[in-house]
> 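Could you have a look at this structure, given as structure tokens, before my questions?
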Amino acid sequence: MQYRVDPKSGNKLSVLGFGCMRFPRGISIDFAKSEKLVLDAIERGVNYFDTAYVYGGSEDTLGEILYKNNVREKIFLATKLPHGKCKTYEDFDRLFNEQLRRLKTDYIDYYLIHNLPDMAAWNAVSAVGLEKWLAEKKTSGQIRHVGFSFHGTQAAFMELLDVYPWEFCQIQYNYMNETYQAGRLGLQKAHEKGLPVIIMEPLLGGRLASGVPKKAVKLFGEANPDLTPAAWAMKWLWNQPEVTVVLSGMNASEQLDDNISTAENAIVDSLADSELAVFRKVKAVFEESYKVPCTGCNYCMPCPKNVNIPGCFAAYNASYANGFVTGMTQYLTSTDALHSSGGMRVTNCANCGACVKKCPQHINIPLELGNVKKRLEPFWFGAALKIAGQMTGGKQ
């Protein structure tokens with residue numbers, strides 16, 4: 001494993017971090033599979049683990065794994081404060097103490113204000129006493145380092161960097177998002193201020209791994225057949241010295257193996273001009289194929305009308321990137337379309353807009369769901385569902 005130094009603390013952080021939002025799941029988190037992945041990652045040198053209060057079951061699972069196996073002191077633990085839930089000063093302690101209980105620890109190494117989008121949000125939480133509370137927790141040693149995660153405009157990110165003596169930050173960044181949100185300019189500004197920068201969504205919710213258009217996969221393969229599309233994406237990030245840790249939401253041993261193999265060469269390797277040219281070609285292919293910039297983070301869920309919003313967008317994008325039949329098949333499966341109630345299809349959308357304010361990508365979800373409906377529920381769709389239901393003894 002390769003490590004990069006946090007210039008604020010001197011901590012040596014593994015270039016590959018474990019993002020715990022996407023632990024293996026069935027109906028709920030699969031503890032045994034998650035435990036195996038976490039322990040394997042630690043054994044192989046990963047020492048930065050990221051979770052959050054709102055990642056359902058993630059803090060509890062990670063805390064139990066660390067406690068049960070007595071490995072808490074081997075890692076740097078990061079979690080996040082849901083600032084929108086902080087209406088009074090007492091809320092800070094109430095939420096933080098619950099996180100300590102879930103994580104079975106008495107301190108947090110890297111504590112983030114979760115999804116701080118702009119100055120208005122900062123001013124609101126500051127008015128409740130956030131800075132005083134953080135100072136108290138730092139003095140007590142319960143919080144070692146304070147940072148923020150970000151999903152907003154580049155201008156807002158630049159402002160937020162200067163409002164508090166941050167010790168690190170976390171941004172969405174990948175070869176498809178070079179100018180999106182904080183972007184490369186935000187990364188460079190944070191680095192100039194001496195902040196370690198943690199990268200989230202390096203694979204855009206898996207789209208840069210398993211969702212790469214066939215034409216782009218061919219471009220990567222022709223350039224280096226030994227690298228997976230995911231490895232290419234990670235190498236692009238580690239090629240930049242301003243990047244400290246790249247988080248990956250690994251939920252299978254194959255993903256862990258691939259990422260660790262790439263991470264082991266993160267510093268000794270660098271991308272040649274010819275390889276950088278491949279990324280420019282791949283980006284052009286993506287821009288032709290993908291229509292909605294959904295990362296599958298599920299912040300928009302649950303939908304009041306039971307629409308599987310991320311599933312609908314994934315199928316819609318797949319219908320362009322991987323072919324209409326593939327996209328339609330994915331849509332039918334992910335929305336349980338044969339169910340008599342309409343399942344989780346776009347047809348259930350009431351345009352209430354509840355999802356829009358939750359989306360960190362600022363997608364106009366009702367509008368885009370309308371586009372999904374036009375493509376994946378054409379005029380013959382209803383009749384086809386009825387026939388399919390009759391043929392399979394289904395639920396229509």
Side-chain angles (χ1 to χ4, degrees), residues 21-22 25-27 54-56 115 151 172 174 176-177 180 201 203-214 216 249 251 285-389 392 394-396:
M21 185 174 78
R22 292 185 170 93
R25 286 180 178 270
I27 296 174
V54 297
Y55 298 169
N115 190 12
H151 289 286
Q172 175 173 323
N174 52 68
M176 287 301 298
N177 287 165
Y180 184 59
E201 298 290 359
L203 303 178
L204 260 181
R207 283 170 52 195
L208 304 187
S210 59
V212 177
K214 293 177 183 178
N251 53 34
V285 172
F286 262 105
E287 287 164 359
E288 293 172 0
S289 303
Y290 272 56
K291 305 300 180 182
V292 182
C294 173
T295 68
C297 70
N298 285 291
Y299 283 12
C300 59
M301 300 294 283
C303 167
K305 296 298 182 180
N306 201 35
V307 178
N308 182 356
I309 298 170
C312 289
F313 287 153
Y316 181 65
N317 284 332
S319 76
Y320 286 98
N322 307 111
F324 182 79
V325 173
T326 298
M328 178 61 79
T329 301
Q330 188 170 326
Y331 180 68
L332 292 171
T333 302
S334 64
T335 62
D336 192 17
L338 287 175
H339 198 282
S340 59
S341 70
M344 297 173 279
R345 290 162 43 199
V346 293
T347 193
N348 294 348
C349 177
N351 292 303
C352 69
C355 50
V356 176
K357 59 187 177 184
K358 299 177 185 177
C359 179
Q361 311 304 326
H362 309 295
I363 300 168
N364 186 334
I365 294 175
L367 175 66
E368 295 296 353
L369 286 177
N371 292 329
V372 174
K373 183 175 175 62
K374 290 176 185 176
R375 180 163 177 81
L376 296 180
E377 294 200 15
F379 70 91
W380 46 261
F381 186 80
L385 280 187
K386 288 182 180 180
I387 294 171
T392 61
K395 310 159 196 172
Q396 280 290 332

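In this chain, numbering begins with 1 at the start of the sequence shown. Computed over heavy atoms, backbone and side chain alike; hydrogens, waters and symmetry mates excluded.
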> Any idea which heavy atoms bring C312 and L369 closest together, and the distance?
CB-CD2, 4.1 Å
> Are C355 and C303 close enough that some pair of their side-chain heavy atoms sits under 4.5 Å apart?
no
> Using every non-hydrogen atom in the two residues, find where N298 and P310 come nearest and quote the distance to one decimal.
OD1-CG, 3.4 Å
> Which heavy-atom pair separates I363 from E368 by the least distance, and what is that distance?
CG2-CG, 3.8 Å
> Which residue is it: M21, H151, K358? I am looking for the one with a side-chain contact (heavy atoms from CB on, under 4.5 Å) to C297.
M21
> Go through it in stages, so that I can follow the logic: the residues are V346 and Y331, the test is side-chain contact (heavy atoms from CB on, under 4.5 Å), and I'd like the CA-CA distance, side-chain angles, deciding distance and then a yes or no.
CA-CA 10 Å; V346 293; Y331 180 68; 3.3 Å; yes
> Taking it one step at a time, do L203 and N174 satisfy side-chain contact (heavy atoms from CB on, under 4.5 Å)?
CA-CA 7 Å; L203 303 178; N174 52 68; over 6 Å; no
> Please determine if K291 forms a cation-pi arrangement with Y320, meaning its NZ or CZ atom is less than 6.0 Å from the six-membered ring centre and no more than 45° off the ring axis.
yes
> Looking at side-chain heavy atoms only, is the closest gap between R345 and V307 below 4.5 Å?
no
> Side chains of F324 and R375: closer than 4.5 Å at any heavy-atom pair?
yes
> What are the two closest non-hydrogen atoms of M328 and P378, and how far apart are they?
CE-CD, 4.3 Å
> NZ of K305: more than 12 outside heavy atoms within 6.0 angstrom?
no
> Work out which heavy atom in M301 is nearest to a heavy atom in N308; give both atom names and the distance.
CE-CA, 4.0 Å
> Is there a side-chain contact between M176 and L204 (heavy atoms, below 4.5 Å)?
yes
> For the CD1 atom of I309 and the OH atom of Y299, what is their distance to the nearest 0.5 Å?
15.0 Å
> Looking at V212 and F286, what are the two nearest heavy atoms and their distance?
CA-CZ, 3.7 Å
> Can you tell me how far the CG atom of L376 sits from the OH atom of Y316, to the nearest 0.5 Å?
8.0 Å
> Please check: side-chain N/O of N177 versus main-chain N/O of Q172, any donor-acceptor pairing under 3.5 Å?
no
> N251 side chain to R25 main-chain N or O, any donor-acceptor pair under 3.5 Å?
no
> Just by modelled atom types, is the C294 backbone N or O under 3.5 Å from a matching donor or acceptor in the R207 side chain?
yes
> Can you tell me how far the CD atom of E201 sits from the CD atom of Q361, to the nearest 0.5 Å?
6.5 Å
